[in-house]
Each structure stands twice: as structure tokens, then as C-alpha cells.
There are 2 protein chains.
Amino acid sequence: MVGTKGVPRAEREEQIVAVAVDEFAASGYAGASMSLIAQRAGISKPLIYQYFGSKDGLYLTCLHHVAGALLERLELAQLQEDDSVASRVHTMQAIFEALEPQRSAWQLLYDTTMPMTGEIAEAARSYQDRTAELAASGSERFLRSRGQRSKLDASALSAAWMGLVSALVGWWLGHPEESAEQMTQRCYRLITAILDSGA
Amino acid sequence: MVGTKGVPRAEREEQIVAVAVDEFAASGYAGASMSLIAQRAGISKPLIYQYFGSKDGLYLTCLHHVAGALLERLELAQLQEDDSVASRVHTMQAIFEALEPQRSAWQLLYDTTMPMTGEIAEAARSYQDRTAELAASGSERFLRSRGQRSKLDASALSAAWMGLVSALVGWWLGHPEESAEQMTQRCYRLITAILDSGA
DNA sequence: ATGGTAAGTGACCTCAGGGTAACTAACTGT
DNA sequence: ACAGTTAGTTACCCTGAGGTCACTTACCAT
């Protein structure tokens with residue numbers, strides 16, 4: 001079947017991006033197949049190229065679409081943070097809420113299979129840096145308030161925190177029946193349990 | 001240049017596996033190139049196929065080589081654990097020490113680009129399950145000792161813990177000048193700082 | 001009605017990467 | 001010396017994935 005189906009470009013682009021985000025998240029940049037994305041979106045490959053130019057172009061669009069909203073929400077949540085560990089739950093809440101519309105989005109930011117050079121790498125790095133900075137400033141403040149000043153320790157703590165968040169999001173992906181709010185409360189319970197064990 | 005170079009098979013296999021582990025860790029199963037591995041190992045592609053049969057065969061060998069030692073060490077460390085959070089540092093120590101000879105090994109276990117079916121997937125899943133079980137039993141015991149009995153919470157905590165460990169190993173990869181012992185001490189400092197903040 | 005434009009496709013090109021066939025040169029024991 | 005085995009290579013095949021060309025059909029303004 002050939003010829004237009006009467007679907008306007010903007011709408012098609014949304015459909016394609018939705019499918020692509022999912023596919024990129026599941027298989028990574030390298031593993032994802034343009035043909036498969038086209039097939040799953042119910043259109044043919046050349047249409048994707050007409051709209052997005054290249055695989056990089058599509059990925060870039062997906063990345064901005066996904067990371068833009070997330071970062072905005074995250075930087076907002078940052079303002080509610082204080083020195084306490086418990087307040088970290090706010091960050092988790094922000095992430096869960098921002099991710100609710102398309103949970104798999106998170107994987108795009110930390111895809112290890114994307115090329116290490118070029119526009120797409122720069123964009124990803126830029127988003128990664130912004131999230132890392134949020135985590136880092138929090139970690140440093142946290143450690144300083146406890147009398148530790150090692151830059152390296154702060155850097156490691158920051159990495160650990162981001163890995164922890166990443167893993168929880170991954171767990172969430174495997175438990176789709178859980179709502180964002182349930183996840184937030186779960187985090188609260190866990191953090192409390194860990195801290196109560198104290199000293 | 002053609003013909004033997006006088007290197008016995010066992011030795012060559014070791015060289016190849018060493019390079020392959022590195023390459024698989026860096027680019028993932030899908031992204032790694034057999035040609036590149038051959039080139040970096042200083043031999044030609046067919047020799048790899050002669051020795052390992054296929055890409056899957058090579059990956060499998062790498063996986064067993066790497067995960068076997070790690071799991072053994074990890075299951076040993078498990079015995080030193082108690083209910084406290086602080087004792088988790090023993091697990092970290094075990095991981096750092098087991099990984100010292102080839103740090104990038106860790107990535108192999110959790111490569112998301114490997115095929116989801118076949119012998120290699122089963123092997124990976126088996127190793128993942130063994131590590132997950134270690135983490136899970138620890139998490140469950142930990143939560144139960146604090147009066148919480150939710151299976152889901154334990155599962156999430158387990159995932160979070162594994163993500164945290166994974167991230168710290170990743171951080172270590174980016175800071176090659178740090179020794180395993182320094183990493184262990186760093187973990188001790190961080191855990192202490194978090195717990196001291198208590199309640 | 002009709003021409004221009006937007007939406008859409010089948011068939012192809014190109015090239016990288018897994019995998020193989022056929023050949024060659026050095027060791028090793030008799 | 002020489003035959004057999006082990007270590008090693010060059011040159012190739014084939015599939016799949018990114019990407020493009022030429023073509024087709026529906027919508028829309030005059």
C-alpha cells in the first residue's frame with residue numbers, strides 16, 4: 001500500500017519518537033534497528049529518514065524529548081533538598097513522576113552503546129553532566145556537613161547515588177504495576193530502615 | 001606473514017581472552033568487533049574462530065573466566081556478613097579484590113547488548129541469578145531484622161544495592177590509580193558518613 | 001477539474017561484521 | 001631427511017543494517 005494515509009507530520013513524528021524511545025531504551029543505540037522501529041510504528045523506513053534525517057537525528061530527537069523534561073523536573077526538585085539523607089526521597093519522587101509517562105526513557109541518558117564522538121555524544125554528555133552536577137553538589141554538601149572534604153569521596157558518592165537511582169528505575173521497569181507514588185513510598189521505607197539501623 | 005609464530009595454543013588463548021574481555025566490557029557484546037579483537041591481540045580473525053568457534057563461544061569463555069572467580073570470592077564474603085549495614089563493606093572489599101586483576105570484567109556480567117536467548121544468555125542469567133541471590137538474601141535478612149517483611153521491598157533494595165555496587169565499580173574504572181584497598185576504605189568512610197547522620 | 005504539495009512506499013545501494021575454505025610455514029618425533 | 005601435526009594467514013562469502021531514489025497516492029487551494 002502506497003500513498004498518504006492522511007496522518008499529519010507532527011502526529012507521525014510523535015508516534016515514531018514514542019516507538020523509538022522504547023526501542024532505543026530496550027536495545028541501546030547500537031542494537032536498535034531502524035527497520036524494526038519503522039515496522040513497529042506502522043510505517044516504512046524512508047519516512048523516518050525523511051522526517052529525522054538519520055539514526056543519529058532520530059536518537060537526538062528522542063534524547064532531547066526525554067531528557068529535557070526530566071532535567072527540568074530534577075532541577076526543580078533540587079531546591080527542596082537539604083543536608084539530610086531522608087530528603088533524598090524528594091529527588092526520587094521527582095524522577096519517578098517525570099518518568100511516569102514513559103518509564104523506559106531513563107535508559108537513553110546512560111546508553112553505553114552510543115558513539116563516543118559527534119553531536120549525539122555531546123548532547124548526551126551535556127545532559128549527563130547536568131544530572132551529575134545535581135548529584136555532585138548534593139553529595140559534596142552532604143559530606144561537607146559531616147566534616148568530610150575529600151573531592152574524590154564526593155565524586156564516588158555521587159556515582160554511587162546515581163547508580164542506585166538507575167537501578168531503582170530499572171527495577172521499576174520490571175514491575176510496571178507499581179505507581180510512581182508507590183515507588184516513592186517504597187524508597188521512603190527503605191531509607192528509613194537503613195538509617196534506623198544507625199551508627 | 002604466514003605460518004606459526006611458535007606461540008602455544010594455551011598462551012594464545014589467554015592473550016585473546018584478555019583482549020576480548022577488555023573489548024566486550026568497553027563496547028558490549030553487540031558493539032565489540034571480532035576483527036578488532038584479533039587486531040588488538042596481534043593475530044588474525046580465523047585463529048579466534050579456530051580456538052573459540054564463534055563470537056558466542058569467545059564471549060562465553062570470557063564470561064566463565066571472569067564470573068567464576070568473582071562469584072567464588074563473593075560467596076565466600078557472604079559468610080562474613082551480619083545484619084548491620086556497615087558489614088556491607090566486606091562485600092565491597094571482596095568485589096574490589098576479585099576485580100583487581102582485570103577491573104573491566106564486571107561489565108560482562110551485566111551487558112545489556114547480549115542476545116536474550118541461547119546458551120550465552122543462560123550462562124549470564126545463571127551468574128546474574130547467583131549474585132542476585134546473594135544480594136537478595138542479604139537484603140531480606142536486613143529488612144526482616146528491622147521488622148519489614150515486604151518481598152517487593154526486599155527485591156527493590158536488592159536491585160538498588162547491586163546498582164550502587166555497579167556504579168562504584170564503574171567509578172573505579174574511571175580512577176585507575178586507586179587501589180582496591182583505597183576503594184574499600186573509601187566505602188567505609190562513605191557508609192559511616194551516611195549512617196552517622198542517622199535518624 | 002486540476003496542479004501543487006504533503007504523505008508514503010518498494011526496490012535498491014553500500015558497507016561492516018560474523019564466519020569459512022584453502023593454503024602455508026614452523027615445530028616434533030622417528 | 002621427512003611426515004604429521006600445530007599455528008597461522010589471505011581472500012573470500014553472506015547477511016543485515018544504515019541510507020537513498022524514483023515513484024505513487026491522497027489532500028487542498030484556486
Side-chain angles (χ1 to χ4, degrees), chain A residues 1-20 23-24 26-63 111 113-121, chain B residues 1-20 23-24 26-63 111 113-121:
Chain A
M1 194 232 198
V2 71
T4 185
K5 294 169 188 163
V7 180
R9 174 163 183 163
E11 193 175 326
R12 263 288 184 255
E13 284 187 349
E14 269 181 51
Q15 291 173 8
I16 295 173
V17 166
V19 170
E23 205 59 35
F24 281 131
S27 311
Y29 171 90
S33 146
M34 296 295 275
S35 306
L36 188 59
I37 292 175
Q39 190 185 317
R40 280 194 42 189
I43 46 104
S44 70
K45 205 171 48 169
L47 195 61
I48 301 186
Y49 282 90
Q50 191 176 321
Y51 286 173
F52 300 95
S54 65
K55 192 179 189 179
D56 284 33
L58 178 58
Y59 192 87
L60 215 54
T61 305
C62 291
L63 189 61
D111 185 354
T113 71
M114 70 185 146
M116 292 170 306
T117 61
E119 191 181 353
I120 155 176
Chain B
M1 193 230 198
V2 72
T4 184
K5 294 170 189 164
V7 179
R9 174 164 183 163
E11 191 176 328
R12 265 285 187 255
E13 284 187 348
E14 266 181 53
Q15 290 173 9
I16 296 173
V17 166
V19 170
E23 204 57 37
F24 281 131
S27 311
Y29 171 88
S33 147
M34 296 294 276
S35 305
L36 187 60
I37 292 176
Q39 190 186 317
R40 281 195 40 188
I43 46 101
S44 70
K45 204 170 48 166
L47 195 60
I48 302 186
Y49 282 90
Q50 192 178 320
Y51 286 173
F52 300 95
S54 64
K55 192 179 190 180
D56 284 33
L58 178 59
Y59 192 87
L60 217 51
T61 304
C62 292
L63 190 60
D111 185 354
T113 71
M114 71 184 144
M116 292 170 307
T117 61
E119 191 182 353
I120 154 178

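Below, read A as the first sequence line, B as the second, and so on, with proteins coming before strands; counting in each chain starts at 1. What you see is a predicted model, and the numbers here were worked out from it, not measured in a lab.
Atoms CG and CG, from A/Leu63 and A/Asp56 in turn, are 11.5 Å apart once rounded to the nearest 0.5 Å. The distance from the CD1 atom of B/Ile16 to the CD1 atom of B/Ile37 is 9.5 Å, given to the nearest 0.5 Å. A distance of 8.0 Å separates NZ of A/Lys5 from CD1 of A/Ile43, quoted to the nearest 0.5 Å. Atom OG of residue A/Ser33 and atom CD of residue A/Glu23 lie 7.5 Å apart, to the nearest 0.5 angstrom. Atoms CZ and SG, on B/Phe52 and B/Cys62 in that order, are 7.0 Å from each other to the nearest 0.5 Å.
Contacts between residues 41-50 of chain A and DNA chain C, counted as heavy-atom distances below 4.0 Å, involve A/Ile43, A/Ser44, A/Pro46, A/Leu47, A/Gln50.
For the pair B/Thr4 and A/Met1, both in contact range of DNA chain C, the more 5′-proximal nearest nucleotide belongs to A/Met1. Positionally, the nearest nucleotide of DNA chain C for B/Ser35 lies more toward the 5' end than for the other of B/Gly6 and B/Ser35.
Of the listed residues (B/Asp111, B/Leu58, B/Leu60), just one forms a side chain to side chain contact (heavy atoms under 4.5 Å, CB included) with B/Ile120, and that residue is B/Leu60. Each of A/Arg9, A/Arg12, A/Glu13 was scored for a side chain to side chain contact (heavy atoms under 4.5 Å, CB included) with A/Leu47, with one residue passing: A/Arg12.
A/Ala32 comes within contact range of the sugar-phosphate backbone alone, with a heavy-atom separation under 4.0 Å but no base atom that close.
Residue B/Ala121 comes nearest to B/Pro115 through the heavy atom pair CB-O, 3.4 Å, listed as atom of the first residue, atom of the second, then distance.
Dashed line: the shortest gap from a side-chain N or O of B/Lys5 to OP1 or OP2 of D/dT9 is under 4.0 Å.
Per the geometry, OH belonging to A/Tyr29 stands 14 Å off P belonging to D/dA17, to the nearest Å. Put simply, CE on B/Met34 is 20 Å from P on D/dC14, counting in whole angstrom units. Between B/Lys55 atom NZ and D/dT15 atom P the separation is 18 Å, expressed in whole Å. The distance between atom CG of A/Leu36 and atom C1' of D/dT15, rounded to the nearest whole Å, is 17 Å.
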- How far apart are the C-alpha atoms of A/Lys55 and A/Phe24, what are their side-chain angles, what is the distance that settles it, and do they pass the side-chain contact (heavy atoms from CB on, under 4.5 Å) test? CA-CA 11 Å; A/Lys55 192 179 189 179; A/Phe24 281 131; 4.1 Å; yes
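Nucleotides of DNA chain C that come within less than 4.0 Å of any heavy atom of chain B span, from the 5' end to the 3' end, C/dG18 to C/dA26.
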